[in-house]
Peer 1: 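Here it is, the structure in full.
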Amino acid sequence: MTDETYTASVVGGTGFTGGELLRILSGHPGFDVVQATSRSADNMTVGRSHPNLRGLDLRFSDPDDLESVDVLFSATPHGVSMGRIDEYFEAADTVVDLSADFRLPEAELYDEWYDGHESPEYLERAEYALPEINRENLPGADLIAGGGCNATATMLGLKPLVDAGALGPDAGEVVVDVKVGSSEGGAGGGAASSHPERSGVVRPYAPTSHRHEAEIGAYLGLDVSFTVHAVEMVRGASATCHVFPDEPVSKADLWQAYRGAYADEPFMRIVSGGGGVYRYPEPKAVAGTNHGEVGFELDPGNRRIVVFSAIDNMMKGSAGQAVHAANVALGLPEDAGLEFQGLHPVGSP
């Protein structure tokens, strides 16, 4: 581990994940934030957009005037980073992108799931940010691609079964249902994310062919039937996965698989049918943190495993994941800047 301090910038700092990055990095012992950019808020204080950061002595600057830094975090909409990646590397030694621009490994996948790719030559260079999936390839990486929050929640739930051999390309059907909060739509999420429209809903907004399926296929090797609902939360993504394995699985097998996968992971918790009110993974319990919760139940009569997972979509599903990956890449302590344990009781996450 190194005790070196790295300079950092956040491009796209007025968005929700940009604000989360600034919150984490401003208290991170290994980073010194020297620039945050925004076209709409140029020369305005960071606290004007993020009132929780009013104590941060930093103003937004124009994104065309990038300062030279060690690490550049890009929290821009999809399509921006792939067009500016050469500029980013002129300004920084390491680039951490939180959009979808580099998270898939092949240009053909962007042709299939997005609208193609402007800089496909960088895809082989990029490393997927989620350490629980790709830790061994992150040390020394100079282009880190953040995962999608729905894919992150799903893969954290299913990965132990893949590792244990209970799931693979020839396994039975996997059906995934994700509930996600309004912050997933970003600060400019539009009418569907406004409070009057979002309040009280359980709205299917991606019944089929959600783009995050591509990540699950690329990094877990699974084809899943995937549906996402918008619900009345601000923070949080909760995945319920229905798994129909070809071979019988016992409860002891499941405990062995999940403990084997996550016993040494600093941010993963197994929450599976214990006592108290919160007996299964719950977004409310991890709000504001980089923790992920996973759990399961066995349905022998239907030869079904029900897997539950919960994250904060803006933390474990975005900004927290990005900083965790940067910590690993730079040789910093994995939990540096990410020690917050959450609050209880809290309101809507």
Side-chain angles (χ1 to χ4, degrees), residues 100 103-106 108-109 112-114 128 130 132-134 147-180 184 202-231 236-262 268 270-273 279-283 292-311 313 316-317:
R103 66 174 55 144
L104 298 178
E106 299 172 0
E108 292 77 10
L109 291 171
E112 179 180 357
W113 293 93
Y114 292 88
Y128 195 63
L130 187 60
E132 290 83 0
I133 296 289
N134 194 40
C149 60
N150 300 317
T152 294
T154 301
M155 289 193 291
L156 289 174
L158 295 177
K159 180 182 184 294
L161 299 180
V162 173
D163 290 349
L167 275 180
D170 299 322
E173 185 176 13
V174 179
V175 178
V176 180
D177 184 273
V178 179
K179 308 292 194 300
V180 70
E184 185 188 52
V202 181
R203 178 191 299 135
Y205 79 86
T208 62
S209 302
H210 192 287
R211 288 171 168 176
H212 290 187
E213 289 182 35
E215 290 170 64
I216 300 167
Y219 298 108
L220 282 192
L222 295 178
D223 291 325
V224 299
S225 300
F226 194 82
T227 297
V228 182
H229 289 76
V231 299
S238 177
T240 301
C241 307
H242 304 273
V243 179
F244 300 89
D246 289 338
E247 301 295 330
V249 176
S250 70
K251 198 71 172 284
D253 293 332
L254 294 177
W255 277 109
Q256 183 177 4
Y258 281 82
R259 284 173 174 157
Y262 292 140
M268 294 304 299
I270 303 173
V271 184
S272 189
R279 300 176 60 230
Y280 296 100
E282 174 64 56
E293 293 188 345
V294 294
F296 48 82
E297 278 297 343
L298 192 60
D299 180 9
N302 291 303
R303 297 184 63 178
R304 177 178 63 133
I305 306 166
V306 186
V307 176
F308 309 99
S309 55
I311 62 171
N313 59 296
K316 190 64 175 171

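Counting from 1, the numbers follow the sequence of the chain as shown.
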Peer 1: Would Tyr262 and Glu132 count as a side-chain hydrogen bond (donor to acceptor under 3.5 Å, both in side chains) here? Give the steps.
Peer 2: CA-CA 8 Å; Tyr262 292 140; Glu132 290 83 0; over 6 Å; no
Peer 1: Work out which heavy atom in Cys149 is nearest to a heavy atom in Ile311; give both atom names and the distance.
Peer 2: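 Closest approach of Cys149 to Ile311, heavy atoms only: O-CD1, 3.5 Å.
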Peer 1: Could you tell me if the side chain of Pro245 sits less than 4.5 Å from the side chain of Arg303, heavy atoms only?
Peer 2: no
Peer 1: Using 30° and 60° as the class limits, which term best fits the ring planes of Tyr128 and Tyr219: parallel, tilted or perpendicular?
Peer 2: parallel
Peer 1: Check for a donor-acceptor pair, side chain of Tyr114 on one end and backbone N or O of Leu109 on the other, with a separation under 3.5 Å.
Peer 2: no
Peer 1: Nearest heavy-atom pair of Asn313 and Glu184: which atoms, and what distance?
Peer 2: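 Answer, listing the atom of Asn313 first, then Glu184: ND2-N, 3.5 Å.
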Peer 1: Has the side chain of Thr227 got a donor or acceptor atom that lies under 3.5 Å from a matching backbone atom of Pro207?
Peer 2: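 Indeed, once roles are kept as given, a pair shorter than 3.5 Å links the two residues.
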Peer 1: With a 4.5 Å cut-off on side-chain heavy atoms, are Val307 and Val294 touching?
Peer 2: no
Peer 1: Any side-chain to backbone donor/acceptor pair from Ser238 onto Lys179? Under 3.5 Å, distance only.
Peer 2: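 No: the side chain of Ser238 does not pair with the backbone of Lys179.
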Peer 1: Would a 4.5 Å heavy-atom cut-off, applied to side chains only, mark Phe308 and Glu282 as touching?
Peer 2: no
Peer 1: Quick one: closest heavy-atom pair of Tyr205 and Ala230, and the distance?
Peer 2: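 Nearest pair, atom of Tyr205 first, then Ala230: CD2-N, 3.6 Å.
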Peer 1: Quick one: are Ile133 and Leu220 in side-chain contact, heavy atoms under 4.5 Å?
Peer 2: yes
Peer 1: Measure the shortest side-chain to side-chain distance between Phe226 and Thr208 over non-hydrogen atoms and say whether it is less than 4.5 angstrom.
Peer 2: no
Peer 1: So do Leu104 and Glu106 actually touch side chain to side chain, heavy atoms under 4.5 Å?
Peer 2: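 The answer is no; the side chains never approach within 4.5 Å.
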Peer 1: Determine yes or no for a side-chain-to-main-chain donor-acceptor pair under 3.5 angstrom, with Glu215 supplying the side chain and Gly148 the backbone.
Peer 2: yes
Peer 1: With a 3.5 Å distance limit and no angle check, can you tell me whether His210 reaches the backbone of His212 through a side-chain donor-acceptor pair?
Peer 2: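 Checking the backbone N and O of His212 against the side chain of His210, a donor-acceptor pair under 3.5 Å is found.
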Peer 1: How far apart are the closest heavy atoms of Asn302 and Phe244, and which atoms are they?
Peer 2: O-CD2, 3.9 Å
Peer 1: Between the side chain of Glu293 and the main-chain N/O of Ala310, is any donor-acceptor distance below 3.5 Å?
Peer 2: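 Not confirmed, Glu293 side chain does not pair with Ala310 backbone.
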Peer 1: Do Val224 and Thr154 come within less than 4.5 Å of each other through their side chains, counting heavy atoms only?
Peer 2: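 No, every pair of side-chain atoms sits at 4.5 Å or beyond.
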Peer 1: Nearest 0.5 Å please: distance from the CZ atom of Arg259 over to the OG atom of Ser272.
Peer 2: 9.5 Å
Peer 1: About how many Å separate CG of Leu130 and NZ of Lys316, when rounded to the nearest 0.5 Å?
Peer 2: 5.5 Å
Peer 1: Treating Arg211 as the side-chain partner and Trp113 as the backbone partner, does any N or O pair qualify as donor plus acceptor under 3.5 Å?
Peer 2: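 Checked: pair present.
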Peer 1: Should Arg304 and Glu297 count as side-chain neighbours, where that means a heavy-atom distance under 4.5 Å?
Peer 2: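 They are not in contact (no side-chain heavy atoms under 4.5 Å apart), so the answer is no.
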Peer 1: How close do Pro281 and Val271 get, heavy atom to heavy atom, and via which atoms?
Peer 2: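 Looking at all heavy atoms of both residues, the shortest contact is CD-O, 3.2 Å.
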Peer 1: Measure from the side-chain N and O atoms of Asp299 to the backbone N and O of Ile305, and report whether any donor-acceptor pair falls under 3.5 Å.
Peer 2: no
